[in-house]
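Step one of this worksheet: look at the structure below.
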Number of protein chains: 2
Amino acid sequence: MGSGMARATIYDVAAAAGASIKSVSRVLNGEANVTPGLRDRVMAAVESLGYRRSLSARSLAGASSSIIAALVDAELTIEHWRSGRGNDYLSRLEMGALMEVRRTDHHLMIELVDYASESLGRDLSALLTSIRPQGVILTPPNSDHPVVLDVLDEAGVAYARIGPERDLQRGVCIAMDERQAAYDMTAHLIALGHRRIGFVTGPVAYVASRRRLDGFLSAMADNGLSVADGAVAYGDFTFQSGVSAINAFLGAGLGLTAIFASNDDTALGVLQGAAARGVRAPEDISVAGFDDTPAAMFGTTALTTIRQPVSEMAAIAARHLMPVISGVQDETLKQSLEGCLIVPYELIVRRSTGAV
Amino acid sequence: MGSGMARATIYDVAAAAGASIKSVSRVLNGEANVTPGLRDRVMAAVESLGYRRSLSARSLAGASSSIIAALVDAELTIEHWRSGRGNDYLSRLEMGALMEVRRTDHHLMIELVDYASESLGRDLSALLTSIRPQGVILTPPNSDHPVVLDVLDEAGVAYARIGPERDLQRGVCIAMDERQAAYDMTAHLIALGHRRIGFVTGPVAYVASRRRLDGFLSAMADNGLSVADGAVAYGDFTFQSGVSAINAFLGAGLGLTAIFASNDDTALGVLQGAAARGVRAPEDISVAGFDDTPAAMFGTTALTTIRQPVSEMAAIAARHLMPVISGVQDETLKQSLEGCLIVPYELIVRRSTGAV
DNA sequence: TTGAAAGCGCTAACAT
DNA sequence: ATGTTAGCGCTTTCAA
């Protein structure tokens, strides 16, 4: 391995600028009380030496570590890893955080957390003392984990919660309006002339699932439409549950003209199950999903769906964990709901839904 | 923010164990010359205090930082970010690295690198002096970037290159055999009885593209099959280039019974373009892809494709950048080719290919 | 407005 | 086999 010259330290910069290390530090931290001349000399020295402060030294000495840690569910990740596929949600989340983090010269660390471990509290605490992140991004479904929140609070580490469901006053909460999105999608179907609409839920344990169902039911009710017995199938976000649902719907002879599935995988299952029985979309039946996963776009029948602003949520999360950079916090796109920052979703109409 | 008690330091552990900090350090680092009694006392103290060494302090003091940094193409990421979708490749890569990294209590940092920047060298150098990673994972297409390799060498930072194309003796190289994979896929089609097979390339700038084409041509030649004029279309890995290719093929009246596209997106384009012209897969035409992206699985016509062992490659990369844990390096699955660690791919047969 | 000195929590030489 | 003493490169008091 080559060595080049030893890397420049703050002492080198100070020497080159004819100043003390404290002055260099002051300049670099943008502290007050520095004469322009000193500042210029320091900056010139920094520039010419290609100097960068050591992250370790800074964080050891007490400054912020400039590390934002994203806590990711280990079990979920292992599942994905086993199946050999990536995780679109995580990927988008990460991109958003990355884009934001680099603006302020921070760094993103991805940490696998075994939320099922009985030593979760200790593990997490250990993690925090080890890397001392400046802030932590919590992802669903663990944005609500009470042990995690407690440990974070106790450690005094700032955190942002993506898609939280409870205790919205704890930490910075960022979410989208699941209920309204489902409401809008349902309204979209109704606007297309559909009257008999079926719904496939996600796991009832998720509040998001319940909110989507709620949005669906409300939109139906608000439009004076009734939901037939058996027109709500209980799924679990899997492709297979979509297949089962459509088979049940078709078998029950409910005469449904549209199916709204709680996520894309399920909707894709509905689509395939329908096709297998000779029912075409959108000619015979309209199908809508939720999430806008990659598969939604590329399927032979591109899926009408709700795009979650995952990247944006993560970017906002990161932004709220880092020092305000230019003094201007942009709260433009967001409104607050019960203390949550609400980020707008997008209803994407593709081929799978059409007029009756 | 709560505070709890101040976090335990090595001094606290030493005091609790009735030993010196050096002994604690020794135990924790698994150094020799420690009596079992001492070790036990130290471990007990560590355990009861929930002590974890500070990453900053360790790395400052000279130990390895235990940080593995994955360098990711900023431009590519921004593109993905703009389009609102995740990056399956990156996601899988990251999972592999994560799984491996956590086994040895290391950490994964994702760093966006602007490879197009004219100050790339300085930027990268600055990044390295700032975070001082123990090792760096390079992803394609930048595994070959000469400036990056030079800076890394000069900084004395170990690196692993995923899917490198040149200078395979530099760093740790991990790849799959693109040519052989394409060869196998072609052989698969031939085995199904196909004789007139079309091929859609990726961007010729990528060596991987050229290798895939090479594999295709070799397999055809080895089986005594000729490739008709116009049966090779030049694409660019996009969906649209698949659509264009199939239109060209169909328009030319080559009588092709199978199309092998250089990646899944392109294959999906082929599939859709064919469907648009009433040509069904696999009844009328077989279509094969490459990469096994999520969309390949969920499309109405699931795609026969090559699964790249992205996660495995990343895991191996990470493994080679970290200290050998139990002394046993498992080289079981890998063979070396020109100094590259070769990881096996998988040919996944789905619905889109069938017998003539 | 600037600087000197004292740590931050570790590891690394160097004793013992 | 164990302990002492310096740093690592910064930020922070506290002086000047």
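Every value quoted in this text rests on a predicted model; they were computed, and no experiment measured them. Reminder, nothing fancy here: chain letters follow the sequence lines and each chain counts from 1.
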For nucleotides 6-16 of chain D, read 5' to 3', which letter fits each nucleotide if B means a protein heavy atom sits under 4.0 Å from the base, S means only the sugar-phosphate is that close, and - means neither?
-BBBBBB----
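Under the side-chain hydrogen bond (donor to acceptor under 3.5 Å, both in side chains) criterion, B:D167 pairs with no residue, sequence neighbours left out. Residues that satisfy the side-chain hydrogen bond (donor to acceptor under 3.5 Å, both in side chains) test with A:S23, not counting sequence neighbours, are A:S20.
The side-chain contact (heavy atoms from CB on, under 4.5 Å) with A:I110 is formed by just one residue from the set A:I137, A:V72, A:L71; it is A:V72. Checking B:D153, B:L120, B:V113 one by one against B:V148, the side-chain contact (heavy atoms from CB on, under 4.5 Å) holds for a single residue, B:L120. Exactly one of B:H106, B:R132, B:M109 qualifies for a side-chain contact (heavy atoms from CB on, under 4.5 Å) with B:I67. That residue is B:M109.
Of the residues in residues 33-45 of chain A, those lying under 4.0 Å from DNA chain C by heavy-atom distance are A:N33, A:V34, A:T35, A:L38.
With axes fitted over five pairs at each extremity, the angle between the ends of the helix from C:dT1-D:dA16 to C:dT16-D:dA1 is 30° (10° resolution).
For residues 121-146 of chain B, the pairs satisfying ring pair (Phe, Tyr, Trp, His ring centres under 6.0 Å) are B:Y115-B:H145, with sequence neighbours left out.
The residues A:R103 and A:E100 are annotated as salt-bridged, a charged nitrogen and a carboxylate oxygen being separated by less than 4.0 angstrom. Under the 4.0 Å criterion applied to side-chain N and carboxylate O atoms, A:D105 and A:R52 are assigned as salt-bridge partners.
A heavy-atom distance below 4.5 Å is not found between the side chains of B:Y11 and B:V24.
A donor-acceptor distance shorter than 3.5 angstrom exists from the side chain of B:S91 to the backbone of A:N87, with no hydrogens or angles considered.
Taking side-chain N and O atoms only, A:S20 has no distance below 4.0 Å to OP1 or OP2 of C:dT2.
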